[in-house]
Number of protein chains: 2
Amino acid sequence: METRRRATGRPRAFDVDEALDRALLVFWEQGFEGASLANLTEAMGISTASMYATLGNKEQLFRKALRRYDEGPSAYVVAALAEPTALRVATALLAGSIRTTTCPEQPHGCLGVQAALATGEAGREIRALLVDWRNKGHERIRDRFQRAVDEGDLPPDANPASLARYVHTLQAGIAVQAASGVSAGELQEMADTALRSWPH
Amino acid sequence: METRRRATGRPRAFDVDEALDRALLVFWEQGFEGASLANLTEAMGISTASMYATLGNKEQLFRKALRRYDEGPSAYVVAALAEPTALRVATALLAGSIRTTTCPEQPHGCLGVQAALATGEAGREIRALLVDWRNKGHERIRDRFQRAVDEGDLPPDANPASLARYVHTLQAGIAVQAASGVSAGELQEMADTALRSWPH
DNA sequence: CGCCTTCTGAAGCGATCGATTCAAAAGTGG
DNA sequence: CCACTTTTGAATCGATCGCTTCAGAAGGCG
């Protein structure tokens, strides 16, 4: 019913993924509650009827936009976790955060951080969704660092969970700084000093 | 006109500061846009007429609540900046952030971070206000660390702005982690390792 | 071509948004 | 006790919220 496409009928006049990317930018800039249906449909270039028929309601639209975020602006995470050493993983994660949150062609900051940090009743579910999203991010780093300990890349007394929390906290902080207009250069300089103490 | 109190007339039936503290909690939990006038007045225990007469509109109410936040939950900053050494300043700032953002009796996280990180048109002014609020926070730390360099507390080649950005980014990150439900203990452990690399 | 499915634009649903008005209630000072 | 000032509750403003409905336009398929 979802991915099923009947062969017949009038074909859709817009590209779904492109519409989702447009909606993503609105959610990124204005947050889940701050983005109105009028904002979203205008940016997508479609009517509310078309949106509800193909994407679902506002909440489902956000979930799909978040998936696009994972595949696009946030895709650097997968590549970073595949780096050969824990230090290079951490370096790539911070560099990726800085690049994504300060890109001039996109809203500054991180969708997963700023779209629903504090919400009213209407945004409670999306807030919980993003809490999970962020916690999942920490877990992936922790698991990667645990592997580094197992492989001898990190010293045996290193604490993978705490190191992961450190990197993840810096990522979240970078997102907030970027939303405040801090430049990529200043953030990168800070990230360099932050990793100078890395255990070896 | 503001602080002027005529001796005559029916006296106010509620305490202004207590009402502001109640409103503060609502803004803290739900954000500026997510908090409705109905939420706010219900929490304050007054009607909208009383609110508009004594506190002003929603935006002015938030500005006054933010002032209460500075004097209350965020007051640890002033004490931290008065610590005798840069390391102790940084330690106190992180410990204060963790304590305030994970206090069980208050909303988790930081008002200045989560109340208006991304907003629609209605919250644009408050978003700009909090951008200034956060940037001011960084500047105060930077000035304090510059003094530490001048006094020889920090080595001459230390970069006060970058160190301040480091501490301030950790504070912002801690606020996000707390909003995700991370415990004070785990954050404190992370903060301890984060400061192990402090220049000396 | 003509049936038939699907999509689209427009109108409008009830609810809630922030904000305002007004008359009655409540005290204070003379 | 009365006149005067201020507060308070209730009703209500137009605008916008997310969401739905519906008739007609549009194009694939036999």
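All values reported here derive from a predicted model rather than from experimental measurement. Every chain is numbered from 1, with letters handed out A, B, ... down the list of sequences.
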Rounded distance in Å - [atom1] ([X]) to [atom2] ([N]):
X: Arg12(A); N: dA25(D); atom1: CZ; atom2: C1'; result: 17 Å
X: Glu42(B); N: dT16(C); atom1: CD; atom2: P; result: 13 Å
X: Glu121(A); N: dC17(C); atom1: CD; atom2: P; result: 11 Å
X: Asp15(A); N: dC7(C); atom1: CG; atom2: P; result: 14 Å
X: Leu40(A); N: dT16(D); atom1: CG; atom2: P; result: 16 Å
X: Asn39(B); N: dT16(C); atom1: CG; atom2: C1'; result: 11 Å
X: Glu33(B); N: dT16(D); atom1: CD; atom2: C1'; result: 13 Å
X: Met51(B); N: dT21(C); atom1: CE; atom2: P; result: 15 Å

Parallel under 30°, tilted from 30 to 60°, perpendicular over 60°: which one fits the rings of Phe145(A) and Trp198(A)? perpendicular
Without placing hydrogens or testing angles, list every side-chain donor-acceptor pair under 3.5 Å for residues 102-114 of chain B, not counting sequence neighbours.
from: Thr102(B); atom 1: OG1; to: Ile98(B); atom 2: O; distance (Å): 2.6
from: Gln114(B); atom 1: NE2; to: Trp28(B); atom 2: O; distance (Å): 2.8
from: Gln114(B); atom 1: NE2; to: His108(B); atom 2: O; distance (Å): 3.1

Subject >> Contact under 4.0 Å: Tyr52(B) side-chain N or O vs dT20(C) OP1/OP2 >> reply: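 No, no such contact exists.
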Between dC7(C) and Ser50(A), is there an OP1 or OP2 to side-chain N/O distance shorter than 4.0 Å? no
Out of [options], which has the shortest distance to the side chain of [X]?
X: Leu37(A); options: dT8(D), dA19(C), dG18(D); value: dG18(D)
X: Ala49(A); options: dA10(C), dG18(D), dG9(D); value: dA10(C)
X: Ser47(A); options: dT7(D), dT8(C), dT28(C); value: dT8(C)
X: Ser36(B); options: dC17(C), dT8(C), dG27(C); value: dC17(C)

Side chain Thr48(A) and base dT20(D) donor-acceptor under 3.5 Å = yes
Does the base of dT6(D) carry an N or O that pairs as donor and acceptor with the side chain of Arg10(B) under 3.5 Å?
no
Is the shortest side-chain N to carboxylate O distance from [X] to [Y] below 4.0 Å?
X: Lys136(A); Y: Glu139(A); result: no
X: Glu33(A); Y: Arg127(A); result: no
X: Glu71(A); Y: Arg67(A); result: no

| request: Look at all strands and tell whether Ala13(A) reaches a base, only sugar-phosphate, or nothing, counting heavy atoms closer than 4.0 Å. | output: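 The residue Ala13(A) makes sugar-phosphate contact but no base contact.
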